Amino acid sequence: QVQLVESGGGLVQAGGSLRLSCVASGVTFSNYVMGWFRQAPGKEREFVVAIMSNGRTTRYADSVKGRFTISRDNAKNTVDQQMNSLKPEDTAVYYCAADRTWVPVTTEGSYDYWGQGTQVTVSS
């Protein structure tokens, strides 16, 4: 059974930082592109960042470039997202997702497995 479990969400003031983590089980982690998506209240879920299975290639949404950094540890089956300079518009539920492909993709429908999400709230 595949499980993706996110952690690290919380409440932070604008300008602050949070680090989200996702641990995967039930999959050969190194075979998967890992991504982070987010969904704000009243909005559709959107792509944030993704990382290639070997960690060499990443893709970022324009809205988070220069502020968010994704990394993975295939030995620990984890993918992290360091979020700096947070803004109120970053407030959302953040989801970890796994895609059995070779390149980091931004399309939600491409991803095979999803976590339950972790809430990030940025106050102004």
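Fair warning: this is a prediction, and the values are worked out from it, not measured in the lab.
- Atom OH of Y60 and atom OG1 of T69 lie 4.5 Å apart (nearest 0.5 Å).
- With hydrophobic clusters built from ILVMFWY side chains whose heavy atoms lie under 4.5 angstrom apart, Y95 does not share a cluster with L18.
- Atom OG in S30 sits 9.5 Å away from atom CG in N54 (nearest 0.5 Å).
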Starting from the C-alpha separation in whole Å, work towards a yes-or-no answer on side-chain contact (heavy atoms from CB on, under 4.5 Å) for V79 and I70. CA-CA 7 Å; V79 57; I70 190 171; 3.8 Å; yes
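- Relative orientation of the Y113 and Y32 rings is tilted, given thresholds of 30° and 60° on the angle between their planes.
- Within the 3.5 Å criterion, the main-chain N or O of N31 finds no donor-acceptor partner in the side chain of S53.
- Between A14 and S124, the closest heavy-atom pair is CB-CA, 4.3 Å.
- Using a 4.5 Å cut-off between side-chain heavy atoms of Ile, Leu, Val, Met, Phe, Trp and Tyr, with links allowed through other members, F29 and V49 fall into the same hydrophobic cluster.
- Using a 4.5 Å heavy-atom threshold, the side chains of V105 and F47 count as separate.
- At a threshold of 4.5 Å between non-hydrogen side-chain atoms, the residues E108 and W114 count as touching.
- In terms of heavy-atom proximity, V33 sits nearest to Y111 at CG1-OH, 3.9 Å.
- Contact check for T78 versus S21: no side-chain heavy atoms found under the 4.5 Å cut-off.
- Y94 and M34 fall within a single hydrophobic cluster, where Ile, Leu, Val, Met, Phe, Trp and Tyr are joined by side-chain heavy atoms under 4.5 Å apart, directly or via other members.
- S85 approaches S17 most closely through the heavy-atom pair N-OG, 4.4 Å.
- Remark: R19 engages D80 in a salt bridge (Lys or Arg N to Asp or Glu O under 4.0 Å) (not counting sequence neighbours).
- One hydrophobic cluster holds both V120 and V48 under the rule that ILVMFWY side chains link at heavy-atom gaps under 4.5 Å.
- Remark: R72 CZ to Q81 CD distance equals 14.0 Å, nearest 0.5 Å.
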Tell me which donor-acceptor pairs under 3.5 Å the side chains of residues 2-13 have, and how far apart each pair is, sequence neighbours excluded?
unit_1: E6; atom_1: OE1; unit_2: Q116; atom_2: N; d: 3.2
unit_1: E6; atom_1: OE1; unit_2: G117; atom_2: N; d: 2.9
unit_1: E6; atom_1: OE2; unit_2: C96; atom_2: N; d: 2.8
unit_1: E6; atom_1: OE2; unit_2: G117; atom_2: N; d: 3.2

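- In this structure, the side chains of I51 and P104 stay at 4.5 Å or more apart for every pair of heavy atoms.
- Taking CG of L20 as the reference point, atom CZ of F68 lies at 8.0 Å (rounded to 0.5 Å).
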Let me see the working for R38 and D90 under side-chain contact (heavy atoms from CB on, under 4.5 Å), right down to the final yes or no. CA-CA 9 Å; R38 66 187 181 185; D90 294 318; 2.9 Å; yes
